[in-house]
Amino acid sequence: MKQFKSIDALRRGLGAVENDLVDEILAGRLDRRSFLRHGSVMGLSLSTLGGLAGAVGLVAPRRAMAQGKPGDTIRVAIATPAGAVDPVTVADDGGLTMLIQAGEFLCVTQADLTLKPVLATSWSHNDDSSVWTFKLRPGVKFISGGTLKADDVIATIDRLADPANASNALSAFKGILSKGNARKVDDLTVEFHLDAPYGAFPYVVSSDNYNCIILPASYKGDYEKNWDGTGPFKLDKFTPKVGASFVRNPDYWGDKALPDRTEFTYFDALQPRILALQGGQVDLIDQLPVIGGQALLNDPNVTIIREKSTAHQQVHMRCDAGPFADKRVRRAMALTLDRQKLVAGLLRGYGEIGNDTPFATVYPSAAPTIAQRKQDIAEAKQLLEAAGVGKGFKVNLTTETYLEIPQYAVLLQNFARAVGIDIELKIESQDAYYGKAVFGQSDWLDSTMGITDYGHRGVPNVFLRAPLLSDGSWNAAHFKNKDYDALVDQFGRTSDVGGQRDLAAKIETLLLDETPVLFGYFFDYLVPTRKGLAGIPPIPNRLFLDRAGFV
Amino acid sequence: MTLLAEADRGSGVSGTALRPDALRISGLDVSYRVRGRSRPVLRGLDIAIPAGGTFGLVGESGCGKSTAAMAAMRYLPRNGRTDAGRILVGGRDVTALPAAALRDLRRHSVSMVYQDPGRALNPTIRIGAQVAEIYGLDGAGPEEARARALAMLGRVRIADPASVMERYPHQLSGGMQQRVVIAMALAVRRELIVLDEPTTGLDATVEAEVLDLVETLRRENGTAVLFIGHNLEVIARMCAEVGVLYAGRLVEQGPTRAVLANPRHPYTVGLLRCLPRRGLDRRRERLDTIPGFLPTAATAPAGCVFAPRCGLARDVCRADPPPLIPLGDGRSSRCHFHAEAPHLPRNAPAQAPAAPADRAADAPLLAVTGLNMTFRQGRQAVQALRDIDLSVRPGETLGLVGESGSGKSTLARILLGLTVPDADSRLALDGEALLPLGRRRDLAAIQMVFQNPDSALNRAHPIGRIIGRALAKLAGLGGAARRERMLALTRGVQLADAYLAAKPRQLSGGLKQRVAIARAFAGRPRLIVCDEPTSALDVSVQAAILNLLADLQAEQGVSYLFISHDLAVVRYVSDRIAVLYLGRLMEIGPADRVFAGPHHPYTEVLLSASPGPDGAVKRVPLSGEIPSAVDPPSGCVFHTRCPRRIGPICDTEEPPLSPRQDGHAIRCHLDSADLGRETAP
Amino acid sequence: MSAVGLPAARRTTLGFERLRLLLRSPAFLVGLGIILFWVSCALFGRLLVDPLADDILNSLAPPSAEHWFGTDELGRDMFARVIAGSRDILVVAPLATLLGIALGTALGLVMGFFPGWVDDVLSRIVEAVLALPLLILALLALTALGASNATVVAAIGLSFMPIVARTVRAAVMTERNLDYVAAARLRGESALHLMGFEILPNILPPIVVELTVRLGYAIFTVATLSFLGVGLQPPSPDWGLAISENYALIGGGYWWTVLFDALAIASLVIAVNLVADGLAEVAE
Amino acid sequence: MLGLLLRRLPYAAVTLFILSLLVFAGGQLLPGDVGRAVLGPLADPRAVAALNHQLGADRPALVQYGEWIGRFVRGDMSQSFAFRAPVAPFVGAALWNSLKLGGVAFTLVVPLGILGGIVAALNRGRLLDRAIVLVGLSATVVPEFVSGIVLILVFGIGLKLFPISATPPPGAGAAVQLYYLVLPAIPLVFIVFGYIARMARAGTVEALDSDYARTAVLKGLPRRDVVMRHVLRNALLPTITVVASQTGYLVGGLVVIETLFHYQGIGSLIYTAARGHDFPMLEAGIMTVGVIYVLSTLAADMLLAALNPRIRAGGRA
């Protein structure tokens with residue numbers, strides 16, 4: 001039941017792009033989730049969005065997220081941070097989990113890919129999305145005592161955008177935001193002048209870009225000394241390589257954290273984490289891959305928090321040399337995959353099938369019109385025949401030991417065998433696989449065929465750019481296509497979802513034709529918890545515990 | 001044949017008639033289980049030693065004599081067992097005693113002195129405690145036990161026993177260690193003491209002292225002795241009775257004097273004929289030998305165990321084992337034809353090979369002048385050899401004698417080029433400077449025959465390869481020529497061709513030594529250094545090897561530098577003799593002159609320490625231990641131990657090696673007239 | 001003197017005697033039997049079973065008539081994997097052992113043969129390497145070299161080198177003072193000849209014993225490295241790797257994914273050690 | 001004794017110096033670099049270069065080593081690359097953990113192993129001997145991860161008798177810490193038991209067969225005295241060396257146990273440092289293990305010397 005009156009009332013306050021979004025909803029091309037997500041990027045307040053959604057009849061599916069009781073101590077097993085916990089350099093899951101306990105972002109990507117305002121209350125952009133204006137939340141106190149101001153945000157962003165700073169966020173800012181381009185409007189307003197128009201910019205300063213926790217302008221690079229931030233927790237005790245504990249921050253600007261205390265214990269390997277949960281020594285572990293995690297998935301004493309994510313494993317095929325230089329061969333390889341079986345078997349259903357493009361169906365911009373690629377051995381054989389390798393060939397697949405990648409590799413090997421492609425596996429440690437991570441000194445970037453892990457992102461932009469653009473620094477497939485580059489550039493500038501979808505359809509078509517990278521599946525984010533623990537938001541890779549408690 | 005005196009040992013002690021025999025072994029069969037098979041070692045052994053009596057059990061290696069000793073102590077190895085027979089010690093059957101009684105027997109009645117005293121003492125316990133332990137068992141309190149231990153160490157003539165009490169075994173010399181063991185064995189008065197080769201491995205001078213000590217203490221305590229040995233001289237000195245063991249059987253037994261004087265078993269006869277005796281000279285008469293190989297009890301034939309090697313053997317010998325036939329006067333022999341035994345035909349012809357002409361006038365083959373050898377030990381410089389001048393003429397044998405530590409082996413190694421002497425030393429072979437091994441031109445010229453044939457042959461290589469390689473390297477031969485020369489060489493050392501394919505471990509010690517000799521002769525050697533070439537061999541084998549060396553010398557005109565501690569052997573083989581003490585040449589000269597005297601006092605001591613089985617020489621005692629080469633005595637290095645020290649001059653001034661007569665030179669301040677001479681003819 | 005012929009007792013060769021003794025030892029025979037079983041599995045296993053064939057939809061099936069040892073997470077037959085899992089370890093471990101023995105023997109020969117500064121310097125280096133536990137050493141080597149069958153061989157071989165060298169050095173030290181070496185010197189043999197042709201054949205018995213002992217360690221270490229994820233890599237059905245991949249599953253009741261591999265490792269190392277023990281006893 | 005110590009110390013120092021050189025040289029072989037290791041594969045190369053520069057990891061290797069060794073000899077273990085904090089506390093904590101675990105294992109296994117070996121030797125050839133030898137052999141050769149997993153399953157998850165982690169909660173008392181270390185110590189006991197028992201058995205057998213034991217028996221000493229006074233002291237000499245040689249393993253070689261039982265010991269410290277290219281941490285960890293090894297061999301030598309007068313006088317070759 002659509003309430004056109006209220007829609008119109010709401011629409012009066014919106015710009016052209018936002019109105020386009022409403023059009024999309026009305027045309028039935030967006031589901032509630034996508035609508036909310038997309039709307040949040042535009043800077044529409046959640047209440048506005050909620051009103052719009054309600055008006056157009058998109059009823060929120062009530063998630064049964066039980067609320068725990070306050071005052072508990074939550075014990076968590078996470079991966080050992082690989083090095084110093086430093087917002088500028090952290091690159092690993094353990095480290096970022098540490099960062100987000102006391103630190104906060106301007107906005108946070110929610111489970112449904114919407115952005116929740118946190119330290120920013122709202123944001124807006126100019127016509128071509130090249131200048132974004134963020135309004136900051138007033139009255140936010142740093143643990144160290146100061147109050148959040150525009151200067152703090154600018155200092156934080158400049159610190160991360162400075163190429164001289166060993167900043168891990170440089171990749172994310174590359175081509176989007178440079179140092180000095182965050183400008184103060186007033187104490188609570190910041191303008192970001194982008195290098196080029198970018199429609200999904202808020203994600204770049206959201207929890208998606210986990211280095212972007214906002215620190216005081218006076219921060220000196222000694223994070224482990226003071227664990228400053230604005231978050232619901234403050235550090236109690238930290239022992240490098242062993243663990244950390246946090247207590248409730250009584251001065252938190254928002255709802256005070258429920259747990260009295262959170263205790264993180266660091267583990268180097270996954271199996272001991274699983275055993276620790278089974279042995280009752282911890283209440284949850286940070287993340288569970290399906291492979292190796294079966295014991296917990298079936299454990300009646302364990303509840304699995306599950307959320308769709310866009311994390312996946314890319315199978316790249318060198319487009320510039322070797323057997324895969326012919327796109328027919330790449331397509332043939334893609335046609336050997338039985339994706340249903342992959343998801344059902346390898347992921348036990350905890351994931352969804354991929355269509356050889358980064359557009360997971362959870363992205364609102366994914367084009368709904370593109371047909372799903374299916375296993376077709378006959379066609380694959382024809383393609384190989386046409387490419388002159390009907391008899392098959394031998395090829396090496398190099399990859400890393402991480403999550404279920406080795407098993408995926410084995411399955412690929414078995415799939416490919418059906419068309420005579422004989423895959424030899426070379427499975428290395430992550431160090432060896434990534435090497436120096438530059439062309440010519442990295443198995444990842446130099447191999448004929450490889451599988452690489454990519455984490456969850458709130459928008460597909462990152463996946464579309466570095467791994468696939470002609471000059472992309474992670475372009476292991478050595479895919480060079482001017483049309484593609486142009487399409488992605490356009491996609492980045494486009495902020496209306498309809499336009500994005502049109503472009504996505506073109507990109508997807510192109511990628512399906514070229515198939516530089518196989519996207520076999522997107523796997524779900526799973527967090528196993530002790531039964532009775534509630535209040536943990538199912539946000540992929542971001543463990544927020546302020547609402548956690550036992551029922 | 002002159003025979004040994006001192007017949008009254010042991011058996012003459014009065015008042016023993018009523019006491020039971022100290023040891024009575026009857027019908028003893030012992031076997032070992034080796035690799036799952038039972039191998040007999042002793043068969044039907046009968047021995048009786050009266051209280052206070054002395055009995056020597058003599059035999060060559062593998063005859064079972066040590067097994068007899070251990071069986072008497074009831075301490076056979078784990079795989080050994082007594083199959084039959086009784087062993088009575090003081091009337092008590094040790095094979096049947098319960099554990100406590102056996103311990104009691106060992107505490108009070110029987111004790112033992114071992115072959116290797118260094119290993120018989122616990123390396124981690126002080127000497128004092130080890131000796132005192134015995135008195136503790138005897139019921140003495142700690143104080144008393146220590147006091148008695150101290151006294152006992154004094155009785156075995158250990159100088160400064162109080163300090164020795166505080167020392168550990170490795171801090172003592174071999175002789176001292178053996179004294180300690182003897183002290184423990186004789187700490188309390190016992191009925192029987194078993195001595196198992198107690199002096200093997202000790203220098204002759206030390207051996208003599210240890211034997212004297214045992215004899216004295218034995219007399220004082222009236223203890224009976226079972227003496228196990230391979231050395232007839234020693235047995236003759238120590239024992240009233242002797243039993244000759246062969247392949248696990250006693251073949252002859254009787255009063256030592258009578259047995260040695262008039263042996264009645266072909267084996268005993270052969271054994272005695274093998275010994276180089278005084279007056280024998282390789283140039284005149286060859287030693288006799290025993291053919292064949294030593295069997296063990298397990299490999300001995302069915303009939304008489306000696307039959308395969310016996311020149312008198314007839315069919316009956318090969319069929320029926322002879323019993324121990326009593327001959328009267330307490331003697332017995334296990335021989336069907338004991339009466340003929342003294343007429344055993346010679347195995348080796350007596351005729352010495354035609355001696356080469358006396359070449360005393362020839363230019364020396366080897367000339368050593370001013371040889372010094374200093375090596376560094378930590379920060380100290382140790383002079384192992386000092387100012388050695390000597391020469392060896394072509395075809396001549398120079399005997400080199402001296403106690404262990406005198407520098408004999410170092411000298412040999414220098415000649416061979418294995419060790420580099422101090423820079424100013426001059427060595428020449430045929431007038432040409434003798435360079436260290438790496439730069440030596442004619443390697444074949446100087447070769448060596450080693451002491452231990454087991455280690456001298458590479459046990460991984462077949463004999464043919466060992467000799468063949470030497471021929472290739474030293475004679476430059478290859479192919480058929482090498483093969484031909486190899487056969488000639490092996491036949492020359494009387495080694496059957498069949499052995500060429502065998503590995504060393506399949507050969508007996510004597511055969512191995514033949515291989516080593518063949519190897520030394522592979523090139524055209526001018527000088528062969530023989531470093532105790534027969535000391536590891538049994539007497540019967542030694543004779544064959546000495547004959548062989550003599551034959552080869554006569555044939556090829558090679559010179560030998562013959563190192564040995566056995567003066568009888570040295571005397572037999574040498575033309576000239578050099579005596580070393582603490583790296584100094586003390587005496588050098590023609591063999592006859594050195595033996596006849598005048599002797600250097602040290603030579604005199606050496607000679608008196610080994611009188612030979614038939615020589616009764618007045619013992620000249622040698623006091624103290626050989627000083628350390630690190631800190632040699634001032635003046636004459638021998639002055640600290642010299643029985644003829646004349647005064648302060650010996651302590652301060654080193655005497656020169658002064659020529660006496662006929663190429664005889666002695667390093668002593670004394671005049672020739674005042675020096676000792678050989679007492680016996 | 002005429003040769004009477006070889007003494008009878010000495011005629012049986014030592015080698016034959018040793019073999020006879022070995023064949024009387026039940027422990028040795030059991031060990032040998034187990035090793036032969038695994039070797040035949042390694043040789044012929046893959047002719048009979050396919051350890052890689054997945055039946056992904058039938059994963060983690062318990063043991064049954066169809067899958068005697070059940071299936072793993074990819075639905076692969078555990079029986080096939082256990083059988084085939086013997087291959088890599090039985091290739092890698094012996095090769096690593098041989099490499100270590102070869103290098104260690106060479107080094108030990110040099111050290112033992114050249115006392116003085118050569119030995120001093122090498123000994124210090126060997127000692128320095130020995131200061132690190134074997135596993136750490138192998139881990140470091142593999143981290144540096146990257147994991148593959150070849151690098152595992154190299155890493156373990158190199159880690160064994162100093163230990164073997166020390167054993168060989170000790171053996172050489174006693175040998176080199178024996179007179180046969182002096183005799184060889186006296187005929188002008190080169191150092192290489194002395195080491196390789198004179199001394200080496202005589203120290204083979206301790207080297208063979210060392211070899212069998214090292215083989216046990218090598219199997220142990222290969223399995224451990226695989227377990228730690230730096231040794232053999234997927235999809236090898238290697239036992240240690242399988243245990244590493246699956247051990248977190250046993251808490252969920254999937255014991256069959258680990259048990260049979262564990263038994264396989266245990267049986268193989270015990271067997272090798274039984275054989276090593278037997279050989280060592282006989283070599284004495 | 002002191003002389004022996006003074007003689008051996010320079011050797012120990014040289015050994016450690018060579019060790020540091022070897023590790024340093026080996027470190028050059030590690031793939032990638034520290035900047036990449038810290039920032040991850042997806043980081044911008046400019047950031048990687050900046051971090052390498054900050055850490056000084058982009059300087060010539062010899063310069064880095066020179067600076068490191070210069071600090072090390074002054075007792076400064078430098079800063080960790082990955083943690084950008086002094087290395088010493090990390091190594092200290094890890095070492096202390098390793099020593100605790102190794103200590104528990106040692107305390108259990110040394111008496112057990114020696115007793116087992118002696119009992120076996122005294123019953124040579126009998127059933128008891130064979131049983132001890134076989135159990136020792138089997139326990140020794142089964143990898144820790146096999147026995148460890150079994151223990152975790154049975155006692156940790158099944159019976160819930162013991163915690164499956166070796167790390168006690170912070171602030172735990174000695175008893176609790178011990179309780180946490182029991183389970184992880186058991187696989188170590190298994191591994192080491194066989195070695196010690198075997199050496200103790202061999203030593204005892206040798207001593208029992210020795211000439212001095214014969215002397216003692218033939219003196220008429222009761223068997224108990226022979227064993228206690230004459231056999232054991234000599235018999236245990238080789239065992240001491242074995243125990244010492246296992247110290248290095250029990251301190252530095254516990255990567256498997258540390259992984260299985262989630263314990264921060266020096267072994268896993270070294271391993272993660274190597275993987276993270278954390279050169280100062282790697283060097284410090286290895287030098288620590290090296291020092292432990294050197295010290296334990298030195299201690300064993302001293303003990304041997306104390307028990308064996310021959311060594312005391314001469315020193316070992």
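Protein chains get the first letters and strands the later ones, always in sequence-line order, with residue 1 at the start of each.
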Under 4.5 Å heavy-atom distance to chain D, tell me which part of [X] shows up: side chain, backbone, both or neither.
X      : result
B/Q130 : both
B/L121 : backbone
B/M112 : side chain
B/R78  : side chain

Can you tell me if [X] has over 12 outside heavy atoms packed within less than 6.0 Å of its [atom1]?
X      : atom1 : value
B/Y32  : OH    : yes
D/R198 : CZ    : no
B/R92  : CZ    : yes
B/R119 : CZ    : no

Best-contacting candidate, B/R107, B/M184, B/H108, against chain D by heavy atom pairs under 4.5 angstrom
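Of the candidates given, the most pairs with chain D belong to B/R107.
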For a side chain to side chain contact (heavy atoms under 4.5 Å, CB included) check, start with the C-alpha distance between D/R214 and B/M70, then their side-chain angles and the critical distance, and finish with the verdict.
CA-CA 10 Å; D/R214 177 185 66 189; B/M70 297 323 283; 3.3 Å; yes
I need the D/L218 CG to B/M73 CE distance, nearest 0.5 Å.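 If I round to the nearest 0.5 Å, the distance is 4.5 Å.
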Spacing of B/E133 atom CD and D/K219 atom NZ [to the nearest 0.5 Å]: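 NZ of D/K219 is found 4.0 Å from CD of B/E133.
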Contacting moiety of D/D225, where chain B heavy atoms sit under 4.5 Å |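 Contact with chain B is absent: no heavy atom of D/D225 under 4.5 Å.
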Which is it for D/R223 and B/R103 under the side chain to side chain contact (heavy atoms under 4.5 Å, CB included) test, yes or no, and what are the steps along the way?
-> CA-CA 9 Å; D/R223 182 173 167 80; B/R103 274 203 300 276; 5.5 Å; no
**Request:** Locate the shortest heavy-atom distance separating B/Y75 from D/L208; write the atom from each residue and the value.
**Result:**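 Answer, listing the atom of B/Y75 first, then D/L208: OH-O, 4.1 Å.
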Quick one: does any side-chain atom of B/N122 pair with a main-chain N or O of D/H230 as donor and acceptor, under 3.5 Å?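 Checked: pair present.
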Would you confirm whether B/T124, through its side chain, and D/N234, through its main-chain N or O, come within 3.5 Å as a donor-acceptor pair?
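No, because the side chain of B/T124 does not come within donor-acceptor range (under 3.5 Å) of the backbone of D/N234.
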B/L137 and D/P222, any side-chain heavy atoms less than 4.5 Å apart: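 Yes, close enough: below the 4.5 Å cut-off.
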Decide yes or no on side chain to side chain contact (heavy atoms under 4.5 Å, CB included) for D/T215 and B/Y114, but give the supporting numbers first. CA-CA 9 Å; D/T215 308; B/Y114 317 88; 3.6 Å; yes
